Amino acid sequence: MWRGRAKAERAAADAAERLMAAGRLLSRAPVSADGRAVFRTDQSVNDAPYRERWAHDKVVRSTHGVNCTGSCSWQVFVKDGLITWETQATDYPTTGPDRPEYEPRGCPRGASFSWYTYSPTRVRHPYARGVLVEMYREERERLGDPVAAWAEVTGDPDKRRRYQRARGKGGLVRIGWDEALEIAAAAHVHTIRTHGPDRVAGFSPIPAMSMASHAVGARFMALLGAPMLSFYDWYADLPIASPQVFGDQTDVPESGDWWDAAYLMLWGSNVPVTRTPDAHWMAEARYRGQKVVVVSPDYADATKFADEWLHPHPGTDGALAMAMGHVILRECFVDRQVPYFTDYVKRFTDLPFLVELEEYGTGGAGAEGGAARVPGRFVTAQDVGAATDADAEARRWMPVLVDAVTGGPVVPGGTLGDRWREGGEGRWNLDLGEVDPQLSLYGRPDATAARVVLPRFDQEQGTPEREQSTPEWEQGTLEREVPALRVGGRLVTTVFDLLLAQYGVGRAGLGGQWPGSYEDADVPCTPAWQETLTSVSARAAVRAAREFARTAEQTRGRCMIVMGAGTNHWFHSDTIYRSFLSLLLLTGCQGVNGGGWAHYVGQEKVRPYAGWQQLSTAADWVRPSRQMASTPYWYLHTGQWRYDRAPADALASPVGRGLFARQHTADLVARSARRGWMPSYPTFDANPLDLGRRVRRAGAEPGRWVADELDAGRLSYACEDPDAPANWPRVLTVWRANLIGSSAKGNEYFLGHLLGADDDAGAQEAPPEVRPRDVTWREQAPRGKLDLLLALDFRMTSTTLFADLVLPAATWYEKHDLSSTDMHPYVHAFSPAIDPPWQARTDFEIFHGLAREVSRLAAGRLDDACDLVATALQHDTAAGEAPPPGPTGPRFTLVERDYGALADRLAALGPLPREQGMTVKGVTVHAGPETDWLAARCGTAAGGAARGRPLLDTDVKLCEAILALSGTTNGRLAAEGFRALAGRCGTGRGLEELAASVAERRIVFSDTQARPVQVSASFEWSGKEAPERRYAPFTVNTEHGKPWHTLTGRQHFYLDHEWIAEFGEQLPVYRPPLDLTALGELPRPGASAERSVTVRYVTPHSKWSIHSEFQENLLMQTLARGGPVIWMSVADAEAVGVTDNDWIEAVNANGVVVARAVVSHRMPPGTVFMYHVQERLVNVPLSQTTGRRGGVNNALTRLLIKPTHLIGGHAQLSFAPNYYGPTGNQRDAVTTIRRRSQEVSY
Amino acid sequence: MRVMAQIAMVMNLDKCIGCHTCSVTCKQTWTYRAGTEYVWFNNVETRPGQGYPRGYEDQDTWQGGWRRKHGRLVPRSGGRARRLARLFANPRMPTLDAYYQPWTYDYETLTGAPLGDNVPTAPPRSLVDGRPTDITGGPNWDDDLGGGPAQLAGDPILKKMSERVRLEYEQAFMFYLPRICEHCLNPSCVAVCPSGALYKRIEDGIVLVDQDRCRGWRMCVTGCPYKKIYFNHRTGKAEKCTLCYPRLEAGDPTVCSETCVGRLRYLGVVLYDADRVGEAAATPDERDLYEAQLSCFLDPFDPEVARAAEASGIPHDWVTAARDSPTYALISTYKVALPLHPEYRTMPMVWYVPPLSPVVESLTATGHDGEDPAKLFAAIDALRIPQEYLAHLFTAGDTAPVEAALCRLAAMRAHMRRANLGEEQDPAIAASAGMTTASLEAMYRLLAVAKYEERYVIPTSYTSAGPGGADDGCSLEGAGAPGMYDPEGFHAPPTAAPRAEHAGTSLRDRVNLLNWNGSGRPAGLFPRRRGES
């Protein structure tokens, strides 16, 4: 049978063959010799459908505007008046002839953006919650007044409760624009009049990627007197270590500078996923011989590019870095000296500076080396009677070092004391002159050995056996001797000597608990010690350290560490990062092209900074504005402090002095506010407009008046009773953001306490014995503090689902704006490909509409307002970072507010940039010529409150003003700033030449529309840039001797604040991930006894979304798994009987998540990933645990504040928005996972 | 010698970050429409993994490509008679499940949900019939090793390997494989089409489906071993990657290339001897197919080749472009690019530079650090990605060419590291990889610096009268140049089909201003009116 068929087939084939041959003879077309192919040109084909598909009418340049730091320029294709698709622009200015280019920039998320334009999740019209609108309309009808109607609806507890309970449960109805703006304006006017402008707040993050859209709303808030909430610290993207070490928010190399690195560590940063458009630099730099080491607990996407993969347990990265530091200190500073390193640390770090060794009370005095001591404050000019020409105030801020030539203490130039004082002009620089800083006191004949007690935290999770076998002194502390001198009656040593002790690098003759060798696993910080904590082999750690140091020595600092959320979102991220930064500082990599830290998490660089800052804070009209640190704000206002069951000193150092004893973290938040360290809004239990009126009437100095009222008990801080209705925030506007679905750590507490919606939290409140002392505990926690949640968006998000009012915003392809980033050196434009469709409006138009409505309703209600504004002690100001001795407090200013003029002012440039100048990072420039230029370019207001002022009444004009008022885009201002800097730093340092080199550069908006334009160097930033030079931070410091904005003017290893000391973190130190159980977190009550695993719950950045955006985009979901997923290891999946794509539930005290499992051997056992931010928009069933909708990724987290982040008023440890403040960290979470019923319902 | 020109693509997998931007931009441009919901002309697969459609490389099941039979090549799916017998019921056709069941969500819920008890969510709905659905598969289901050993072990390559690969945490490896149509020199899809609808363009080698002639038999879906021909269930026609010919004709790179943020795609002209293709494809030992295909390519610097090319009707600028061609350089000069599955015998024209990968810990622990060339080369066979895996993808299992390519990449890195660190140059490094310092640096420039105009060298379109054909100046009349087709197809040599009638006017004709003498209307500049032929 089979044979027969084969035979028949053969016969048929032969016949066909003959037929074909015959056909060939008949055909005129040539045929290949083997008869395989025929070449025809005589036959028509229809390939038209693809030509028609490709045909388009217009290509428009735009980009994507928020929460992504890519700042990629895109071409948007338009056909028949519709947006069809987008591809990346490729016309970036060149980086030079021998380097790769930035083209193309973009990622799959951006490439799928046009889906949103016409998607079914587009917000097409204004929406409001039906129950609210009905009640409002009724009262509006009855009372005939919008403000009265709002007052009635929100003032009636039953009505209030009704619409608050409906939040997040659907029932949105379409309303008209006029009504929507009227309701929103009425809410603002009512709240400002009744409760005060500081009860209103605005949230909109990451301005760099759509500056005008951000600035217009922030400007509206600033004119109202409403606080803008910070985002960088709140996102836990702010590396607190940066202000601590550099005195700078964050300044990092553009990705093109990766090319210059000879050694690249990707440490907790999954570059292909999170910095997709930049990843090619890493891939290509390898071909230039760059070595790449990836440190990641999972086999992350970046690992494929690595020469080596190190996979420490999540959160233990600091231990690996400490061990690498141990090796580098031993081999490059003690056993051998590398001249480049030694020279670098002497000039650019605080290592030679002197620290006092204070007596430690309980340290067994009488032992060898005298009394046990702990590291204290920096020794200053005042302490040693130096720099007597300076005033006493300034001398307190002048740390000293020992000159190796004279052997005596000297005050080098460049310290904070020289930054602000009169007479310090020309002295604030890093010139050492004849002075040779002495790094170590070791070997000095007059030095003695001092016994120092150092904390260790690696045993927090130690095994019981180990604790039993270890002597008590070794539990939590170490004793090591350092060489010390007596100076000015104090026993002192250098930071360097302390650092060696901290890293366990011993020297002959110094007693104490030193490791015997690298293999000694019992004592910090040896390679073998880190292996016990991280699982990374000691040999690998030694090898990495040696290669790192050797490359840095050979290349003079071209080693770079790309660090990211994987190592930054932890509670102790600051200590982790400081241990990384130490590697870079020791090897002279910072301030060098191709070297240094490259922190890429939510970093936002508004390159045209000065203009954006002026306009977004309305500093052209009124100063100061209210800027709030979000983490303490939400900690208090969402009630999360009530669930903090650990005392504030739970994580304090064993050698601390008990500063936090019997305190709750909420008490420390309040203390920080009272001291003016952190801002606090609402500030008082009274309306600041009432207070302002009273102060004005009294004719008193505001600060004095407030102090008197506080003393008399007639006034108190709102943060001391956050649950009192008088102290609630009332109106919150969210735009360019998805606060509720995305960044809301402790999401369920937001839903319950802030919004009054249903929530899934199951945590227990703090028991009476650990409750706050200074902050009032109300038995009944409030539910539903906010009167109005207003959201502007083009798509539905968790925020719009819970909002009372949703306004339809234009997408990024429908407006003008500006974008920049620190990943590349260009600014480029958004231009509308189409006008906003349906009833959508640009953010610009919405806020102007809202402002007009507020101005209208304010008439007769908010006339002649005077606002008592409290602000925190500010970084980069004399009064803020070097306050006089004694207790500090907030600064108080009376600000006149003309709410009737608000709309006019919003739309025009005010007089202050010319009259008072614009101050950025301590440098003031005056925008006189720019004001005139803008008047000519934009026209002037013909009448109204801003008559004669340059108009900012369109988004294009606002963009133009941002560019005109910034140094990076306006060389005249940059030059003025550099010359001002030269006045403070001293001439002859090349700053004047720098000024001259940029003075003629100018970028206007149309330039940025044509193609991306490279900005130039400016006083606004710490690095230099030019067409053939990549931006690297701190090159102005290293090449021009400009000090860092720190206490010593150098990069800091050592922090001398008493709260830092209380936490034992004066120097880099290893602190493990939090043990939440030890901190009082309990399992969820009633959690089932079913098969479950308890795992670390990590939420890295996603491949298929930018935070929540694109998470519901059909293209992205199709390439992903179609809904929320949790990645788990094969072992963990097996333990609970889960196979790939099974439905699972993650449950802990804070909430419940329902997702599908992705099982992969890429994952290490014991850790699961839920890529953030997966929210509930698509494919989230009801949970089996509670019967309610499964939660967002932040349903399993709760805010934990690290007290040291609350410090202020102390040199670089001072507040500025998004510069210093507690992080909303979320990495230390733990959850249980179990397989749930596979039958799901929605 | 019959010189022909082909636009070939090279993808440097060593630079691929697996971001799928190419997939998205391609999808949005070409297949984001009804009937092609499940279609990705360009997709990216995590390997190891089953790919898209699932397990497509298992030709025992899918019967794609060619096989040798009695010294001749026949489509694996059988001769004409067998294909005829299966015209109406083809068990070798992947079902939608093998691709995936496309879905969407009930998004309206988000804005339109009435006041209820819970937060609204958009549940999944089938994109085929609109009904509630469970999402159990997708075009990128294995992404980043998702699915774990239980699923990834279904990777047909893993099954082929002699050495057992352990899919475990410590031994984890992965890389990404972006795929488009291979625009083969010996396309089996063209061969098996019963309607003669598939053709390979003479001028640039692009393989296309004539949308008028296609009758929807779907033999091409089976015949293509790469499963890169798709059935549009709305139009009932086959569709496939067009290599973005409307862009290429204008000298622009394909969408997938230009939008590749990894900057890993190269496009350029490769000249080949069409008379050699049949014989090369029938090379007995499949491990020799890589070399056999290489031998078809012609050296554009050879004056004789240039003369023959011009005699074949290939314009001068195409010959020039062939000399500047990055793809020719990577394939033939530096020999770092390799064909995907040469054993399918279709002579694919999208080639790949194999990926380097971290060396396993055991090796680093013994001192290999990527800086000492001798140790580096010793370490090549200890890379995380087993060489045998790559060999089964690119060289029919022969590890030697893979190793050679990886060694050249490693040598480039070693050489450049010395330059980077300011160390003395060592010509022995290049020599050890069979290269010179100069060629190593030229390759470095092409792979690392990779400027736009060096990645894409695309001459603008021309019309070919075909090899030996006279150029009568009218060749652009009509609807585009048809290409070669395989007479093995089940039909007599095709005759001109009637032109598709489009409603009203049609813009489909191309303009030929070259031969326009300035008087009258040039053909194709204006749309034809109804009734005008």
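Quick caveat: nothing in here was measured; it's all calculated off a predicted structure. Order of the sequence lines sets the chain letters (A, B, ...), proteins ahead of strands, with each chain counted from 1.
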At a 4.5 Å cut-off on heavy atoms, which part of A/M1163 comes close to chain B: side chain, backbone, both, or neither? backbone
Taking every non-hydrogen pair under 4.5 Å, which of B/Q171, B/E108, B/E239 racks up the most with chain A? B/E239
Consider only side-chain N and O atoms of A/Q1117 and A/E1112, and report whether a donor and an acceptor are under 3.5 Å apart. no
Is the distance between the ring centroids of A/W1127 and A/Y299 under 6.0 Å? no
No-hydrogen, no-angle side-chain donor-acceptor test under 3.5 Å, A/T797 and A/E1175: no
At a heavy-atom distance under 4.5 Å, which candidate from B/T104, B/I385, B/V255 has the highest pair count against chain A? B/T104
Sorted by chain and number, sequence neighbours left out, ring pair (Phe, Tyr, Trp, His ring centres under 6.0 Å) with A/W259 holds for none
Under 4.5 Å heavy-atom distance to chain B, tell me which part of A/Y50 shows up: side chain, backbone, both or neither. both
What part of A/V131 gets within 4.5 angstrom of chain B, counting heavy atoms only: side chain, backbone, both, or neither? side chain
The interface call for A/N1179 against chain B, heavy-atom contacts under 4.5 Å, is both
Residue from B/L409, B/D144, B/L356, B/N140 scoring the most non-hydrogen pairs under 4.5 Å with chain A is B/D144
Bottom line for A/R1156: the part with an atom under 4.5 Å from chain B's heavy atoms is side chain
Between chain A and each of B/I135, B/V24, B/N420, count heavy-atom pairs under 4.5 Å; write down the option with the most. B/N420
Can you tell which part of A/L1177 gets under 4.5 Å to a heavy atom of chain B, answering side chain, backbone, both or neither? both
Counting only heavy atoms closer than 4.5 Å, note whether A/R1188 contacts chain B via side chain, backbone, both or neither. both
